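Below is one structure, written out as structure tokens, with a few remarks after it.
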Amino acid sequence: MAVAGEVAGHSSLLGRSSLLPDPKILKMEQRSGLCFSMPVLFPAKQGRLPSRSLRVMRPAVATISEEVLSLVVGKPAKIKVRAVVTVRRKSKEDFRDAVANQLDALSDKIGRNVVLELISTESNSKTKAPKKSGEAVIKDWYEKMKVKGERAVYTVDFTVDSGFGEPGAVAVANRHQREFFLESIVVEGFASGVVHFLCNSWVQSTKNLPSKRVFFSNKSYLPWETPEGLKELREKELMELRGDGKGLRRISDRIYDYDIYNDLGNPDKGKELTRPNLGGEKLPYPRRCRTGRPPTDTNLLCESRIEKPHPVYVPRDEAFEELKQDAFSAGRLKAVLHNLIPSLIASISADDYDFQCFHDIDNLYKEGLLLKLGIQGHLLHKIPLVKKLHESSHGLLRYDTPSILSKDKFAWLRDDELGRQAVAGINPINVERVQVFPPVSKLDPDHYGPPESSLTEAHIAGHLNGMSVHQAMEEGKLFMIDHHDTYLPFVDRINALDGRKTYATRTIFFLSPLGTLRPVAIELTLPPEIAGGERRSRVLTPPCDATTSWLWQLGKAHVCANDCGVHQLVNHWLRTHACIEPFILAAHRRLSSMHPIFRLLHPHMRYTLEINALARQSLINAGGVIEACFTPGPLCMEISAEYYRRHWRFDQEGLPADLIRRGVAVEDSSQPHGLRLLIPDYPYANDGLLIWSAIEHWVNIYTTHYYPNATSILSDTELQSWYSESINSGHADLRHSHWWPPLSTPTDLSSILTTLIWLSSAQHAALNFGQYPLGGYVPNRPPLMRRLLPDDKDATFIADPHRFFLSAIPNVLQATKFMAVVDTLSTHSPDEEYIGGIREAAWTAEEEVLEGYKEFAAEMERIEEEISRRNGDSGKRNRCGAGVLPYELLLPSSGPGVTARGVPNSISI
């Protein structure tokens, strides 16, 4: 209502506006048939979910065409035009904000204003410099300071030559004391029509950044199409964003640069917090955003750390907006409260509190946090505050029941559930076809012993429905999850850690006639005791009695713990968050904001740099959450780096290429997506291919609109610089790899962009938003293990296998910390932007592009309906059935909160 009031206020201005024609001109209008039309106040609603960025108000001003003036005066003249400036305000202001706003309002009154200047697409024929309007001041800043509303709308009047041409940029100088968030500028009054400038950026005070901020119009230009008046500004803007690679970055800066991961350790606080730097020949890794902080005192190669609540530098416009920050802070508070009591227990007692029975774990969801575990007397005796905290924060201290328990709380005990989660769980991208049996390791045999697995045909022959192993392989019925080579180099170091125990695991699955996967063997391997010696392996097969049932359950727990580690350290963090960051940095450094490819990628880069910086601060750092919650502990990031060195390939990160690489799909032109899945009921792949194909089609429409042939691709210097820098600087350690796709044709470009958008949206969603709903019940997928398997004659195990199992999975503190964190990570914020729901304002200027996006948005709606239909198909046993969870992680839309569905445009959590 406040915004509408602002607009209504402009209409009252019309009666006295100097922009209205005088009576003489009106008489001429009547004789000549010319007319003055009132502008539209609000654009027509477009699409399924209107973009915030398109909700730009048209100012209520009269427009005077240059033709009318020419008729009046017969020669070039001055014309008056008006800009409407929309500024987004903070919804919550603290005392400092209120004081600063008062100071800005007063300084505005005495001439310390916000000043705008229009810059033409044309240059002066004599000076060759861009035509400029001269500076004009935003009106009524002081008067509108007290107007309530999320946005404030201001006007700026300009007088320009009638031959000024079309405005292509606006320069903004903020002479106030503090930054403000500029949402948009709309200019009317030119013969060329209304010109929109979508800004969505923080404008710094000139005391911090003396130069003016420049915003380009919504019209896209390839480099060689850049109007003469904008060429110099285009290059200058990119140079400013690149910076000089020197000095400490300030929070107000907008500089994008590269650095290695040398900020995870904190050697100044102790040797136990020292971590190797990631990036370079020794431990290759993608690059991250440079902050320029000074080195530590004890190691000049390590960057000093900055701890919460102080922010880690990201370019100013990459930081969370207020709504997102509020939601993230609320999630962090909830996580702190969830983990507060067990942390207090740990601080006052040397004991590790294990769950005494499964009912204790159930109480986390029913009774509130931990005060039903038989320890409350001990705790309350020493910390009386806890009782009040528990009573006053009961809703926050109680965990939400994970979806995995909602239909069948005992499903996790069944073997078929382990197989179902391999294709429809949190980590559905590691299952692969068995093409050689026994499986063979690719590790160095001189160090890790003979490469052949200890699995034999005798282990699995009785579980293949009468098939031989050879027949099952030939018919595509044998699959596995193989974490052997990922873990084996680290097993001895992990097992030397206090309270951590692991194996290198392989799990063999048989594809049943019903289309479900059933585990038929688990191999648990320890390294040889001497280099090159025999590996120590233990093979488990489906149980036949009570003892083997408990051993089998422990074996599955080790498999799941390994899978949790690979999911978090490799598939989730490395292959989406870390590997996307260099492409984002290069896009800002090398692609102008008016470049059409930048505008295509823009919604898929939102918040990624900020969430990655927060991860370096609290999650993947030494002593952080990941080390505390996952089996490898301080070796977590070394495992991630080793995978990057040995396995990561950009050309195999797209969905079809990944499915083919794992052998779970073969090319088949007769199939809808050109692939035939060897596991027909594979929910992640089935639904993922729908989204992949839709992205691919939309990107093809977009790229071919701007690039008709190979010459246009090769001659685009900005595009080639972006891709080259992404590889040579952003992924510098792998820059010489032969597998990098070329960028020579429109098809090449479409493939690269489709892969990046897939990773940023659907792939990340599939790996992230099920973490709490599907993994929040720790016995189902323990993130760490504390005991190796016992001997089948172990007295402690035989006497109480139930207690032995609970002592092997995370203890109370470890489990609650893990649950609190994944709950936060699984949460959609209220300002989430979902795939197909928001269009870039620049796309409205190109009819073919706009129609292509409308088609894409409509396809997302159809995909949502198709996924819902599949979830009701009783023939699809991996997503429908008694007690079976539907697979919803790739449903495009979602509400806020923990929903186990929704595909955001970008990696934003």
Side-chain angles (χ1 to χ4, degrees), residues 411-425 427-440 452-484 503-525 537-545 548-549 551-560 562-563 659-666 676-686 780-781 875-884 887:
W412 66 277
L413 292 166
R414 297 198 315 266
D415 288 352
D416 63 285
E417 180 64 10
L418 182 69
R420 192 192 70 81
Q421 291 187 30
V423 294
N427 187 37
I429 65 173
N430 273 111
V431 62
E432 58 183 290
R433 182 183 176 186
V434 176
Q435 304 193 52
V436 175
F437 191 89
V440 177
E452 293 78 19
S453 166
S454 296
L455 289 162
T456 67
E457 292 195 21
H459 286 123
I460 66 173
H463 304 283
L464 305 181
N465 284 14
M467 290 185 178
S468 67
V469 172
H470 177 75
Q471 182 183 3
M473 288 174 57
E474 286 295 308
E475 295 186 17
K477 302 293 185 183
L478 278 188
F479 296 86
M480 70 176 171
I481 293 180
D482 186 357
H483 298 316
H484 179 279
Y503 298 95
T505 62
R506 286 192 184 100
T507 310
I508 306 296
F509 296 90
F510 176 71
L511 182 65
S512 76
L514 294 176
T516 58
L517 291 174
R518 186 174 69 244
V520 295
I522 294 172
E523 182 182 21
L524 307 171
T525 302
S537 294
R538 185 169 181 175
V539 176
L540 304 176
T541 56
C544 57
D545 59 24
T548 55
S549 290
L551 290 172
W552 178 251
Q553 205 63 44
L554 283 163
K556 289 197 296 182
H558 273 282
V559 167
C560 289
N562 276 13
D563 199 60
L659 294 172
I660 291 170
R661 176 186 64 83
R662 291 188 281 123
V664 295
V666 293
R676 178 171 59 85
L677 293 174
L678 300 186
I679 306 173
D681 183 16
Y682 188 172
Y684 158 78
N686 296 132
N780 175 52
R781 280 178 66 83
K876 299 185 183 300
R877 305 298 179 95
N878 290 320
R879 64 198 308 163
C880 182
V884 176
Y887 187 73

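Model, not experiment: these values are computed from the prediction.
Heavy atoms only, all atoms of each residue included: Phe437 and Leu455 are closest at CZ-CB, 4.0 Å. Annotation for Ala665 and Leu677: closest pair CB-CD2, 3.8 Å, computed over non-hydrogen atoms. Pro428 approaches Ala424 most closely through the heavy-atom pair CB-N, 4.3 Å. Taking each heavy atom of Leu464 and Ile460 in turn, the nearest pair found is CG-O, 3.2 Å. Across Val520 and Pro542, no two heavy atoms sit closer than the pair O-CD, 3.2 Å.
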Side chain to side chain contact (heavy atoms under 4.5 Å, CB included) between Asn686 and Tyr887, worked out: CA-CA 11 Å; Asn686 296 132; Tyr887 187 73; over 6 Å; no
Derivation and outcome, side chain to side chain contact (heavy atoms under 4.5 Å, CB included), residues Val539 and Ser453: CA-CA 10 Å; Val539 176; Ser453 166; over 6 Å; no
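Among residues two or more places apart in sequence or in another chain, the ring pair (Phe, Tyr, Trp, His ring centres under 6.0 Å) test is passed with Tyr503 by His558. Remark: Ser549 engages Pro543 in a side chain to side chain contact (heavy atoms under 4.5 Å, CB included) (not counting sequence neighbours). Every side chain to side chain donor-acceptor pair (under 3.5 Å) that Asp416 has, sequence neighbours left out, goes to Arg414. Asp563 meets the salt bridge (Lys or Arg N to Asp or Glu O under 4.0 Å) test with Arg781; sequence neighbours excluded. With sequence neighbours excluded, the residues forming a side chain to side chain donor-acceptor pair (under 3.5 Å) with Arg662 are Asp658, Tyr682, listed by chain and number. In this structure Glu417 satisfies the side chain to side chain donor-acceptor pair (under 3.5 Å) test together with Arg420, Gln421, sequence neighbours excluded. Checked against side chain to side chain donor-acceptor pair (under 3.5 Å), Trp412 has no partners two or more places apart in sequence or in another chain.
The distance from atom CG of Asn427 to atom OH of Tyr684, rounded to the nearest 0.5 Å, is 9.5 Å. Taken from OG1 in Thr541 to NE2 in His463, the straight-line distance is 5.0 Å, to the nearest 0.5 Å. In this structure, Lys556 NZ and Leu554 CG are separated by 10.5 Å, a value rounded to the nearest 0.5 Å. Here Leu540 contributes atom CG and Thr505 contributes atom OG1; the two are 11.0 Å apart, rounded to the nearest 0.5 Å. The distance from the CG atom of Leu524 to the CG atom of Leu551 is 10.0 Å, given to the nearest 0.5 Å.
When side chains are defined from C-beta on, Pro438 does not count as touching Thr456, because their heavy atoms never get closer than 4.5 Å. Contact of the Ser537 side chain with the Thr525 side chain is registered, since non-hydrogen atoms from C-beta on lie closer than 4.5 Å.
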Which pairs would a plain distance check flag for residues 506-517, meaning a side-chain donor or acceptor within less than 3.5 Å of a matching protein atom at least two apart in sequence or in another chain?
from: Arg506; atom 1: NE; to: Asp482; atom 2: OD1; distance (Å): 3.3
from: Arg506; atom 1: NE; to: Asp482; atom 2: OD2; distance (Å): 3.3
from: Arg506; atom 1: NH1; to: Glu523; atom 2: OE1; distance (Å): 2.9
from: Ser512; atom 1: OG; to: Leu514; atom 2: N; distance (Å): 3.3
from: Ser512; atom 1: OG; to: Thr516; atom 2: N; distance (Å): 3.3
from: Ser512; atom 1: OG; to: Thr516; atom 2: O; distance (Å): 3.2
from: Ser512; atom 1: OG; to: Thr516; atom 2: OG1; distance (Å): 2.8

Return all side-chain donor-acceptor pairs below 3.5 angstrom for residues 469-480, not counting sequence neighbours, or 'none' if the list is empty.
from: Gln471; atom 1: NE2; to: Glu475; atom 2: OE2; distance (Å): 3.1

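The backbone N or O of Pro683 lies less than 3.5 Å from no partner atom in the side chain of Asn878, so there is not a single donor-acceptor pair. Judged by distance alone, the side chain of Arg877 and the main-chain N or O of Asp681 form no donor-acceptor pair under 3.5 Å.
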